[in-house]
A.B. asks: 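Dropping a structure here in structure tokens format, bear with me for questions.
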Amino acid sequence: MMKKSFFLVGVGLAVLSSCTQNEVVEVADNNAISFDAFVNNSTRADITTDNINHFMVFGGYDGNFTNVFNNVKVSGSKGSWTYDNTQYWTDGKTYTFQAYAPEGATASASATGVNFTGFTADGATDLLVSAVKTVADVNTTAGVENVQLEFRHVLSKIKFTFSTTLNNVNIAISDLKVLQVPNTGSYTNSGSTGSWGSPSGTKDYDLTVAEGVTNSVSKSSTEAIVMPQTFSTSGLKVSFTVTVTGGLSLTANHTVTLPTTAWEEGKCYNYKAELTYENIDPEQELKPIVFGDPTVTPWEDAEGGSVSFD
């Protein structure tokens, strides 16, 4: 049982930075249906506008979401996207398109976008859905633009940042685990956002802090991509080991409870912990060696004897 609870002096919510939309719209040379894509709210290590290399498309007309494309893979890179069995525009029709990435999820099309069934967040796999794209009253004589799809992240991310007020020490964080996180759910898309319902199953997510923490440099862990959800009042627990070297030799194991902040899609949550004299050891507060006010014994008067001036 922790006697000194330090963990999470505050929760910093970092909304993922927005990518710039590709504003170049190419007009197809013929009546083939062509695609382009960009990703909103993306960060390093995720699927981004710069590194997306495939997506899965549903598309159709006359109110049918799949009579032209039914979970068809589109592959390529910026400015060049291809798929098998080329499809062509039909004049006068109004089309809808929707997509997701990466492949492998159990997905279905709906009026408000792609839904997922039984998806499991493994900690490393990103998951995107596009907004529904409508192309109305197709006129191939006037020319038809590429179908440009805008994706958003529908999972959440978490990471941990450690700092310290201790002097003359180096702190290593190891065995960092977020314990028993519900990780499997089904996604209902409402258009601009969606809901994962009540996730089931559990998974321990292993994270690492690669470098030591000092009083001048805080360090962040790797990130885990997790299922958006709202927690019960008991919350989730995180465990880790603190190893201190330098002006102190100490190893301490911690298990603490995360705040009950709800995880929302497309957001990265940074849990912050400050290691202090009071909390770094879960069993007892550290007692730095300190010095009190010094005292100096005063000179003592003594008789030196009589001096004769004979």
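Just the heavy atoms: all of them, side chains too, but no hydrogens, waters or symmetry mates, feed the values below.
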A.B. asks: Looking at Asp46, Asp126, Val226, Asn270, which one forms a side-chain contact (heavy atoms from CB on, under 4.5 Å) with Lys157?
C.D. replies: Asp46
A.B. asks: Considering only heavy atoms from C-beta outward, does the side chain of His54 approach that of Pro102 to under 4.5 Å?
C.D. replies: yes
A.B. asks: Determine, stepwise, if the pair Val181 / Met227 fulfils side-chain contact (heavy atoms from CB on, under 4.5 Å).
C.D. replies: CA-CA 8 Å; Val181 182; Met227 187 73 65; over 6 Å; no
A.B. asks: How about Tyr83 and Phe69: are their ring centroids closer than 6.0 Å?
C.D. replies: yes
A.B. asks: So that I know where these two stand, are Tyr187 and Phe119 an aromatic pair - ring centroids less than 6.0 Å apart?
C.D. replies: no
A.B. asks: Mind checking whether Val147 and Val57 have side chains closer than 4.5 Å, heavy atoms only?
C.D. replies: no
A.B. asks: Could you tell me the separation between the CG atom of Leu236 and the CH2 atom of Trp263, rounded to the nearest 0.5 Å?
C.D. replies: 5.0 Å
A.B. asks: Could you tell me whether a side-chain N or O of Trp196 sits under 3.5 Å from a main-chain N or O of Val154, the two making a donor and an acceptor?
C.D. replies: yes
A.B. asks: Closer than 3.5 angstrom, by distance alone: can the side chain of Thr112 be matched with the main-chain N or O of Asn189 as a donor-acceptor pair?
C.D. replies: yes
A.B. asks: Which pair of heavy atoms, one from Asn70 and one from Phe58, lies closest together, and at what distance?
C.D. replies: OD1-CE2, 3.6 Å
A.B. asks: Looking only at non-hydrogen atoms, find the nearest pair between Tyr100 and Asn71 and report the distance.
C.D. replies: OH-OD1, 2.8 Å
A.B. asks: Enter the distance from Glu283:CD to Asn253:CG here, rounded to the nearest 0.5 Å.
C.D. replies: 10.0 Å
A.B. asks: Please test Val138 against Thr90 for side-chain contact (heavy atoms from CB on, under 4.5 Å), starting from the C-alpha separation and ending with a verdict.
C.D. replies: CA-CA 7 Å; Val138 169; Thr90 299; over 6 Å; no
A.B. asks: Over 60° means perpendicular and under 30° means parallel, so tell me whether Trp81 and Phe55 are parallel, tilted or perpendicular.
C.D. replies: tilted
A.B. asks: Working to the nearest 0.5 angstrom, can you tell me the gap between Gln98 CD and Thr134 OG1?
C.D. replies: 9.5 Å
A.B. asks: Is the charged tip of Lys267 near the ring of Tyr269: under 6.0 Å from the six-membered ring centre and within 45° of its axis?
C.D. replies: no
A.B. asks: So Phe162 and Phe240, ring-ring contact (aromatic ring centres under 6.0 Å, His included) or not? Walk me through it.
C.D. replies: CA-CA 12 Å; Phe162 294 85; Phe240 55 95; 5.4 Å; yes
A.B. asks: Side chains of Lys219 and Thr161: closer than 4.5 Å at any heavy-atom pair?
C.D. replies: no
